[in-house]
Each structure stands twice: as C-alpha cells, then as structure tokens.
Protein chains: 2
Amino acid sequence: MANTRLHTGFSRQQVVNITGLTARQLNYWRRTEVIKPSATTQGGHARYSFTDLIALKTVKQLLDHGVSLQKIRKSILALLQYLPLQQQPFSELKVIATGDVVLVFHQGMALDALTGQEWILEVAELEKEIVQQYPDTLQLVVEQDDLFEPNITNIDRKAI
Amino acid sequence: MANTRLHTGFSRQQVVNITGLTARQLNYWRRTEVIKPSATTQGGHARYSFTDLIALKTVKQLLDHGVSLQKIRKSILALLQYLPLQQQPFSELKVIATGDVVLVFHQGMALDALTGQEWILEVAELEKEIVQQYPDTLQLVVEQDDLFEPNITNIDRKAI
DNA sequence: ACGTGACAAAAATACCACTTTTTTGTAGCA
DNA sequence: TGCTACAAAAAAGTGGTATTTTTGTCACGT
C-alpha cells in the first residue's frame, strides 16, 4: 500500500492517529472553518494534505499550551491578511505562543497574530540610542559601570 | 566636563532627558521596586547606572506599546528566577511584547516573562515528527503535495 | 535640583453573573 | 468508516462594577 499509486490525502482516522486530535474535533473544525481538508472525496469524505497535517498539529500544540480555539481563529484570520496567498497560515511559520497570544515570525519581524501588530524590541538598539544621545559619557560610563556591585534587586511582591 | 573625572551615575533629571520618563515615575518605581537606581548619594539622591538606563528605556518602550506596569512587574519577577545573578533583567535581553505578553529570548528559548513558562513552537519540527511517524508516506506525500497550491514562504527568523 | 507626602484623576485589574463557543456523547444513515 | 443532527456538559468570552495601581499636581523641606 505504500507505493502503488498517488497519495490522495490522509483520511480522518489517519489524521486522528497522527495528530492526536479527536474525530469530533476534526469534523467540527471542518464545519466551522478552522482548518478544512484540502480535498474532499466524491462521497464527501475529508482528505487532509500533508500541509493540513502541519497546520493541525500546530493548532493542537497551541491548544495544549493554553491558547483557546477562539484566539486561534482570530490568529488565522489576522495571518491571512498578511499571507493572502496561503490557505493554511500555521503550516509554514514559526510560532511562539503563550496562553495569551500567538506570535508568528515573518521576515525577521514578530507579528502578533491576534491584532496584526508587529514589533520587536531590541535592547541592543537602545544602547546605541543612549550612547548616541550622550556621546560624552561613553568612556566614562564604561568605567562607571564597574563601580556598581552586582547587587540583586528585590521586588516587593505585595505591590503586585 | 567630558573627561575630568569618574562618572558617578546619571542624575534623575538626566535620566528624564534621556529616557523620556517622568520624574514622578522614576520616584515611584524607585519606591515600589520596579527599577531602583544602582547607587544613591549620601544625601539620598538617585544615581542611575548605564545598565539602569537600558532597563528603564526597555520598560518605557513596553509601556509605550501597551504593556501595563503591573505586567512588567510580574515579568521582572519571573525573569529573576531565570537570571538570579542579574540585577536588571530587561537590560541584557531581547524582548518581544504585545499588549498581552512579554517574551524574552534567552539561549534560543522563548520565555514568557509573565508566567515563566518557556517554549517555542517550531513548525519545522512538526514536519519531522510526522514523517518519522509515517515513513511510508514520505515519498507519496511529496507527490501528493504537488497537487495542492504551491507553498510559498519560508521564514527566515533572525537568530535569537 | 531632589525627595517626600498628600490629594485626586486616570488606568489597570479583579470579581461577579451572564452569554456564547467548544467539546463530547449518542444515534441514525450512506 | 465517515458524515450529520440533536443535546448536554465544559470551557471561554463578555460586560458591568468594585478595587487597586499608577500618574499628575501641588506644597514643603533639604
């Protein structure tokens, strides 16, 4: 079975085995347009592509890490505006997420998939800025920093 | 004034000019332990180090991008558990944030500064996983994928 | 110029009940 | 096997209100 003909796509059960998602979830997602199979048999059965698998696995991991399906929905929508040519946004990007947001890396930028807002904060850049602004202090600063002992800042936990 | 003596640290007013923060904020942060000056004069006046400036600028940027001070507080606390030797967590890391989270990059890992939870989701890894699980389908998959829309983007994410 | 304290406004958060979404189960059917 | 439909449980989102945090402004002392 592994070499006779063209692969027509993964069946639902195969996807269940591979991804760990439930059949019910796949059906629901298909119906509600989270991730639809790239192809459908004449009988109406789902056929998932390899790319679909990646996307499904990504969504699964996001869920497992506490990102809700509703946020994943929004993320997919937001990403589609940036990648209009793509059908499965999550299948070709590097994704970082926490329970609150989904960040996607694209062309060296961090993109908040929920809002579309994109930015990276480079501390190294700040250093340049400051030195540029106060060029006189550069040399002095280098010496000066050695004066400070590596004491640890304590944070008042009640203040939070 | 640029070369006579050792630099003893930036005064509050200097920090105001450099960072754009208000004196009120610096005082409050000093009192509530967000970021304290690394040194204090005998008269009790603040003296901020260059490292402090970086941290302050970082916090300023986070604020400007919608991260609340309270979340910044939590982030600092979480980071201190990972970087106990450091006094100003925000001064030596690359930070990415949205209105909801603060991610810090450290040793190739993405770290949620709010929760301390760390993880990166690498889509490329998922691909390997799947192929590993279904080695038979590898060749077939390659053919099969050509049936679908051509894949576009490969992400080059900046080294972290 | 700097720090402190007091008062008040603005911003963010926490907590509550309420609504919607998502998941899951079951059963029928191709 | 796989899809659909109906139903119920679980999870997440929404909106209003109280509470806390943050910031601005002013006065006073050093």
Side-chain angles (χ1 to χ4, degrees), chain A residues 1 8-17 19-37 39-48 56 59-60 62-77 97-102 114-115 155-160, chain B residues 8-37 39-48 56 59-60 62-77 97-102 114-115:
Chain A
M1 35 229 322
T8 56
F10 295 92
S11 71
R12 190 184 66 169
Q13 188 54 47
Q14 283 180 300
V15 174
V16 166
N17 296 338
T19 64
L21 293 165
T22 67
R24 292 299 270 110
Q25 280 176 313
L26 291 174
N27 284 346
Y28 179 64
W29 294 0
R30 180 187 185 187
R31 186 162 54 80
T32 58
E33 317 247 339
V34 181
I35 291 182
K36 294 192 293 184
T40 304
T41 67
Q42 287 167 357
H45 288 197
R47 285 296 175 266
Y48 292 92
L56 287 169
V59 171
K60 172 84 159 64
L62 291 174
L63 283 175
D64 290 345
H65 283 87
V67 181
S68 72
L69 185 61
Q70 298 177 37
K71 284 184 178 168
I72 294 171
R73 280 207 146 92
K74 290 182 190 169
S75 298
I76 291 177
L77 285 178
T98 69
D100 281 330
V101 294
V102 180
L114 276 168
T115 66
I155 308 280
D156 190 344
R157 293 166 193 260
K158 280 184 299 183
I160 304 173
Chain B
T8 56
F10 295 92
S11 70
R12 189 185 66 171
Q13 187 56 46
Q14 284 181 301
V15 173
V16 166
N17 295 338
I18 295 171
T19 64
L21 292 165
T22 66
R24 183 72 174 79
Q25 282 175 312
L26 291 174
N27 284 345
Y28 181 63
W29 295 1
R30 181 187 183 185
R31 186 165 57 79
T32 58
E33 319 250 337
V34 181
I35 290 182
K36 293 194 295 184
T40 304
T41 66
Q42 285 168 358
H45 289 197
R47 287 295 176 268
Y48 292 92
L56 288 169
V59 171
K60 171 80 159 64
L62 291 174
L63 284 175
D64 290 346
H65 283 86
V67 181
S68 74
L69 184 62
Q70 298 174 34
K71 285 183 179 170
I72 294 171
R73 280 206 146 94
K74 290 183 190 169
S75 297
I76 292 177
L77 281 177
T98 70
D100 281 328
V101 295
V102 180
L114 278 167
T115 65

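Every chain is numbered from 1, with letters handed out A, B, ... down the list of sequences.
Taking OG1 of A:T40 as the reference point, atom OH of A:Y48 lies at 8.5 Å (rounded to 0.5 Å). From B:T32, atom OG1 reaches atom CG of B:L69 across 6.5 Å, with rounding to the nearest 0.5 Å. A distance of 8.5 Å separates OG1 of A:T22 from CG of A:N27, quoted to the nearest 0.5 Å.
Closest approach to the B:R73 side chain among C:dT4, C:dT21, D:dT21 is made by D:dT21 (side chain taken as heavy atoms from C-beta onward). The nucleotide whose nearest atom lies closest to any side-chain atom of A:Y28 is, among D:dT23, C:dT23, D:dT4, C:dT23. In this structure, the nucleotide among C:dT23, D:dT23, C:dT22 sitting nearest to the side chain of B:W29 is D:dT23. The side chain of B:K74 has C:dA14 as its nearest neighbour among C:dT23, C:dA14, C:dG3.
The side chain of B:Q25 places no N or O atom within less than 4.0 Å of a non-bridging phosphate oxygen (OP1 or OP2) of D:dT22. One finds a side-chain N or O of A:S11 lying less than 4.0 angstrom from the OP1 or OP2 phosphate oxygen of D:dG2. In this structure, B:S68 does not reach the C:dA11 phosphate: none of its side-chain N or O atoms is under 4.0 Å from OP1 or OP2. When the side-chain nitrogen and oxygen atoms of B:Q13 are compared with OP1 and OP2 of C:dC2, one or more of them lie within a distance under 4.0 Å. When the side-chain nitrogen and oxygen atoms of A:R12 are compared with OP1 and OP2 of D:dT1, none of them lie within a distance under 4.0 Å.
Within the 3.5 Å criterion, the main-chain N or O of A:H45 finds a donor-acceptor partner in the side chain of A:T41.
Nearest heavy-atom pair across A:R73 and A:E33 is NH2-N, 4.4 Å. Contact record, B:G9 with B:Q14: O-OE1, 4.1 Å, taken as the closest heavy-atom pair. Among all heavy-atom pairs drawn from A:L21 and A:V16, the shortest one is O-CG1, 3.4 Å.
Residues from residues 30-37 of chain A that place a heavy atom under 4.0 Å from any atom of DNA chain D, listed by number: A:R30.
Annotation: the terminal axes of the helix from C:dA1-D:dT30 to C:dA30-D:dT1 meet at 60°, where each axis is the rotation carrying the C1' atoms of four end pairs onto the next four (5 pairs per end, rounded to 10°).
We find that NZ of B:K60 is positioned 17 Å from P of D:dT22, with the value rounded to whole Å. One interatomic measurement links the two molecules: CG of B:L62 to C1' of C:dA12, which rounds to 16 Å at whole-angstrom precision. Look at CD on A:Q70: it is 5 Å from P on C:dT22, rounded to the nearest Å. Nucleotide D:dT21 holds its C1' atom 13 Å from the CD1 atom of B:I72, rounded to whole Å. Regarding A:R47, its CZ atom lies at a distance of 12 Å from the C1' atom of D:dC3, rounded to whole Å. Spacing between atom CG of B:L63 and atom P of D:dT22 amounts to 10 Å, rounded to whole angstrom units. A:N27 has its CG atom 13 Å from the P atom of C:dG25, to the nearest Å. Rounded to an integer number of Å, the gap from NZ of A:K71 to C1' of C:dT22 is 15 Å.
Here A:A23 lies out of heavy-atom contact (under 4.0 Å) with every strand.
Between A:H45 and A:R24, the residue whose closest nucleotide on DNA chain C is further toward the 5' end is A:R24.
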